[in-house]
Amino acid sequence: MKKLVLFFFAVLCSSILLLPTNEAAAAVKSPKGTQVVVNNHDLDSKDILIMNNQVFFSLTSLKDLGGLTFAWNNTAKQATVKGGDTNLQLTMNNKVAQKNGSPVSLSTAPFVQNGKTMIPLRFVAEALDGSVTWNQKTRTAFVSKPSTKLLTDVKSSALSTARNAAINLPRVSQLTEDFKPIMEASSLQYYFPENTHDRFIEVNNNVIRYYKITKNTAYLKWQASIF
């Protein structure tokens, strides 16, 4: 059965084998409470907190968005995040933040818990020009912000470059569950339709996944197990 399925896809697609990154392989996990995935990196449950129906995560979890610097003013109890043209200041237990010197209201104030600065996920991610997609079925928040290099490469006229960028874009799933491969990321193959880079099939051991790229994000459209 496995050979027949792979043969079918090989006929439809012009296949190339690419070396994947761990980020891509870790994009989706089976639901175990609320999860947060930042640019294909699963956050540790210790860095996630639900309060007032909002998802909070630790400030340092933002590092997976790339290109950010962090500073902490212990006297003012204020965290500063800088990235690109954005300067974001969050004061603990204060519902007013500063973005590039202008006040911005938060529905819930950031705070410190167990020595970690906990910040409202959606507000901070979007303030730093990222996007947040919530999957209610699996209780997973996907935070996405492709790097400048990925955005450039995915538009490349060199098909191999564009395809390599495509499989490393942030991934999002709105499916109700995840089919876990026998051994995560031990054997990955990618198949693209001929002369395209905006959709692809990933074969990970005994699991096949189909992704379609929209607005620089790879959305998981369907998946199947090979028995």
Side-chain angles (χ1 to χ4, degrees), residues 21-24 26-27 34-44 46-135 140-156 162 165-166 168-173 213-219:
T21 63
N22 291 332
E23 291 89 337
T34 299
Q35 300 177 93
V36 177
V37 182
V38 181
N39 275 359
N40 303 334
H41 289 267
D42 288 320
L43 299 192
D44 191 291
K46 296 178 182 178
D47 291 321
I48 305 169
L49 181 68
I50 307 299
M51 190 175 74
N52 297 334
N53 294 318
Q54 289 191 68
V55 180
F56 285 74
F57 67 160
S58 63
L59 178 67
T60 53
S61 299
L62 286 172
K63 67 181 185 300
D64 291 322
L65 290 181
L68 301 177
T69 59
F70 306 91
W72 171 253
N73 185 324
N74 193 51
T75 301
K77 303 299 180 185
Q78 186 177 81
T80 300
V81 185
K82 294 182 180 180
D85 297 326
T86 302
N87 186 326
L88 188 63
Q89 292 183 328
L90 300 119
T91 303
M92 300 305 100
N93 305 312
N94 190 330
K95 291 185 178 181
V96 178
Q98 296 287 325
K99 181 178 179 181
N100 294 336
S102 299
V104 183
S105 297
L106 290 76
S107 58
T108 305
F111 55 93
V112 176
Q113 178 165 298
N114 297 328
K116 294 184 177 182
T117 303
M118 305 302 292
I119 56 178
L121 181 148
R122 182 173 292 277
F123 168 80
V124 175
E126 293 179 348
L128 294 169
D129 299 321
S131 63
V132 180
T133 303
W134 173 250
N135 185 332
T140 303
F142 295 89
V143 182
S144 307
K145 185 182 179 183
S147 67
T148 301
K149 185 178 188 310
L150 277 180
L151 292 176
T152 299
D153 288 353
V154 80
K155 297 176 183 178
S156 173
N168 286 292
L169 285 172
R171 298 185 182 186
V172 169
S173 171
I213 296 171
T214 304
K215 295 182 179 179
N216 300 312
T217 300
Y219 289 87

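From Phe123, atom CZ reaches atom NZ of Lys95 across 13.5 Å, with rounding to the nearest 0.5 Å. Considering CG of Leu151 and CG of Leu169, their distance stands at 7.5 Å, rounded to 0.5 Å. To the nearest 0.5 angstrom, Asp47 atom CG is 6.5 Å from Met118 atom CE. One finds the NZ atom of Lys46 at 13.5 Å from the CD atom of Gln113 (value rounded to the nearest 0.5 Å). Distance check, rounded to the nearest 0.5 Å: CG of Asp64 to CZ of Phe57 gives 9.5 Å. Summarising the geometry, atom NZ belonging to Lys145 is positioned 10.5 Å from atom OG belonging to Ser131; distances are rounded to the nearest 0.5 Å.
Considering only heavy atoms from C-beta on, Phe111 comes within 4.5 Å of Leu49 through its side chain. Val38 has its side chain within reach of Leu65: a pair of non-hydrogen atoms, C-beta onward, lies under 4.5 Å apart. Contact check for Tyr219 versus Ser173: no side-chain heavy atoms found under the 4.5 Å cut-off. Using a 4.5 Å cut-off on side-chain heavy atoms (C-beta onward), Thr133 and Ser144 make no contact. With a 4.5 Å cut-off on side-chain heavy atoms, Val81 and Leu59 count as touching. Contact of the Val55 side chain with the Val36 side chain is registered, since non-hydrogen atoms from C-beta on lie closer than 4.5 Å. Contact annotation: the side chain of Thr80 approaches that of Lys82 to within less than 4.5 Å [non-hydrogen atoms, C-beta and beyond]. Contact check for Arg122 versus Trp134: side-chain heavy atoms found under the 4.5 Å cut-off.
Between the Ser147 side chain and the Leu150 main chain, a donor and an acceptor come within less than 3.5 Å of each other. In this structure, Asn52 contributes its side chain and Gln54 its backbone to no donor-acceptor pair below 3.5 Å. Of the possible polar contacts, none joining the Asn114 side chain to the Lys116 backbone as a donor-acceptor pair under 3.5 Å is found. Side chain of Asn135 to backbone of Thr140: no donor-acceptor contact under 3.5 angstrom is found. The backbone N or O of Ala127 sits less than 3.5 Å from a side-chain atom of Lys99, completing a donor-acceptor pair. Checked by atom type and distance alone, the side chain of Asn93 never pairs as donor or acceptor with a backbone atom of Ala109 at under 3.5 Å.
Nearest heavy-atom pair across Ser156 and Ala162 is O-CB, 3.8 Å. Between Val143 and Leu121, the shortest heavy-atom contact is CG2-CD2, 3.8 Å. Closest approach of Gly83 to Leu68, counting heavy atoms only: CA-CD2, 3.6 Å. Closest non-hydrogen pair, Thr91 versus Ala76, comes out as CG2-O, 3.8 Å.
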side-chain contact (heavy atoms from CB on, under 4.5 Å) between Leu90 and Leu106, worked out: CA-CA 10 Å; Leu90 300 119; Leu106 290 76; 4.1 Å; yes
Check against side-chain contact (heavy atoms from CB on, under 4.5 Å), Leu43 and Gln35: CA-CA 7 Å; Leu43 299 192; Gln35 300 177 93; over 6 Å; no
side-chain contact (heavy atoms from CB on, under 4.5 Å) evaluation trace for Asn216 with Val154: CA-CA 8 Å; Asn216 300 312; Val154 80; 4.0 Å; yes
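Residue pairs satisfying the ring pair (Phe, Tyr, Trp, His ring centres under 6.0 Å) criterion with at least one member in residues 65-108, sequence neighbours excluded, are absent.
Heavy atoms of other residues, nucleotides or ligands lying less than 6.0 angstrom from CG of Asp44 number more than 12.
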